[in-house]
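One structure is given below, encoded as structure tokens.
Only this structure's heavy atoms are used, side chains among them; waters, hydrogens and symmetry mates stay out. Chain A is the first sequence line, chain B the second, and so forth, proteins listed ahead of strands; every chain is numbered from 1.
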Protein chains: 2
Amino acid sequence: MTSITASFDQPPTTAEEEAYLYLQKGLRLCRYKPGDRLKPEEIAAEIGMSRMPVREAFRRLAAEGLVTLRPNRGCIVAGLTLDEIYEIFEIRSVLEGLAVRLAAPKMDPDTFLELEQLLDRMERAGQAGSSDWVVRHQEFHALIYKLSGRPKLIRKINALHVVIEPYMRIWFDYADKPLSAREEHERLIRALAQGNALQADQIMQEHILGTAPLLAEFASPGRR
Amino acid sequence: MTSITASFDQPPTTAEEEAYLYLQKGLRLCRYKPGDRLKPEEIAAEIGMSRMPVREAFRRLAAEGLVTLRPNRGCIVAGLTLDEIYEIFEIRSVLEGLAVRLAAPKMDPDTFLELEQLLDRMERAGQAGSSDWVVRHQEFHALIYKLSGRPKLIRKINALHVVIEPYMRIWFDYADKPLSAREEHERLIRALAQGNALQADQIMQEHILGTAPLLAEFASPGRR
DNA sequence: GATTGGATAAGTGGATACAAAAATCCAGAA
DNA sequence: TTCTGGATTTTTGTATCCACTTATCCAATC
């Protein structure tokens, strides 16, 4: 249905697009690790093109903060310090808080039902220990954000999610998240159903800032 | 001192960098208008390089939302609809609110003094009708944000400022801003001086959302 | 007069080539 | 052994070239 991360709907139309998606995927799946050097020639060979489109893809990724580009020094996978992870969570908290605040007045019974169903599926997936939980969780949040009707805001939120995905992945793999998150999610949709925008905002901010310390615990070893 | 917008400190080290700064400047100063088509060849000729670095600069600008890039259709200067301007102001309000909230605990007497001095200079520039007001105003805000100690947050705020600069420019030229803003600025630094983070956040959000309608008034005619 | 089809021009995307910069390697000296 | 300086290799930055897509223009047709 609605994916929180960028749409992979249509196949890439240009080589640059293909390179961009290929690299983004590699970064999100941790195929490339922080500090790794991405060599244009190598990557170009992997996907069967010349260095040029790859270089252009680098520029985009750099603008999104996924890699660092230094003149004559090539492209380095950007890592996040603990402070930076926290900072991104702070930013997320206000952006996603804003999104739910704006979504609250647009809540309708149909959407409420859909959200409850997603919660149920999350619950089941969580109990089964299925990785499906992550996907449903993203759908749950994406659905709410979409309600806000703010495309630019949603783009910014998604961009941040891509940046922290490698760190979230560590967390998802080890932490016992479904239990802790469940109650907050229910409080959230209840506030939304009541049209209590400020409370929903508040819950979302706590929801996000609450996960930051947990994540730091897993992200810290081996991080600069 | 501290400039709110990107640093023009050192001269560009690569042709791509030069193209990027050249284009960004052109966009900020409204030399290129929304809907204009930017032809790589033309621009490359203007600054004495080939199309390649210009194309790469386009990618960065596109990632920042300043231009739109469509396959085989070239590079179009992005315009903002009224809705999009509002949306950006909403995003700004929470981001800059967060920045002052985080700045509050780090406030010290020296900085307070510096802020007051900047307010005075703004006051004088405003009464003289000098465009200096805009620069001081940016310095004032930049100083507070810097206090927050959140580099990524500051970068995001600055990026948004670049996007709306052409619209702010219209507003600065016509509106009677110093009078309306003065009181809010004073309330802001008073809240900061008292370490009242939440109140400072609140004031900042109101400060930003309050200017949005004024700006829309000027931005609307002729905008799609 | 408006519309359509196709020739022509303009522009874009990508590969290759080449110069310049950085990284690497290795021999010789301390 | 460790450090240093320079030659070699690798990699990056940019220009140029070619193929292909899109835009423009003009004439033939309705």
Could you run through nucleotides 14-25 of chain D and give me one letter per nucleotide, 5' to 3': B if any protein heavy atom sits under 4.0 Å from the base, S if only the sugar-phosphate is that close, - if neither? BBB----SSS--
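Listed by first then second residue, pairs satisfying salt bridge (Lys or Arg N to Asp or Glu O under 4.0 Å) with a partner in residues 204-215 of chain A read R187(A)-E206(A), not counting sequence neighbours. Counting only residues at least two apart or on different chains, the side-chain hydrogen bond (donor to acceptor under 3.5 Å, both in side chains) pairs with a member in residues 61-76 of chain A are Y20(A)-E64(A). The salt bridge (Lys or Arg N to Asp or Glu O under 4.0 Å) pairs that include a residue from residues 88-97 of chain A are E90(A)-R150(B), R92(A)-E96(A), where partners are two or more places apart or lie in different chains.
Every residue two or more places apart in sequence or in another chain that forms a salt bridge (charged side-chain N to carboxylate O under 4.0 Å, His left out) with R31(B) is listed here: E46(B). Scanning for side-chain contact (heavy atoms from CB on, under 4.5 Å) contacts around A159(A) gives an empty result, with sequence neighbours left out.
Note: CG (L69(A)) to P (dT12(D)) measures 10 Å, nearest angstrom. As a whole-Å value, the separation of I43(B) CD1 from dG11(C) C1' is 13 Å.
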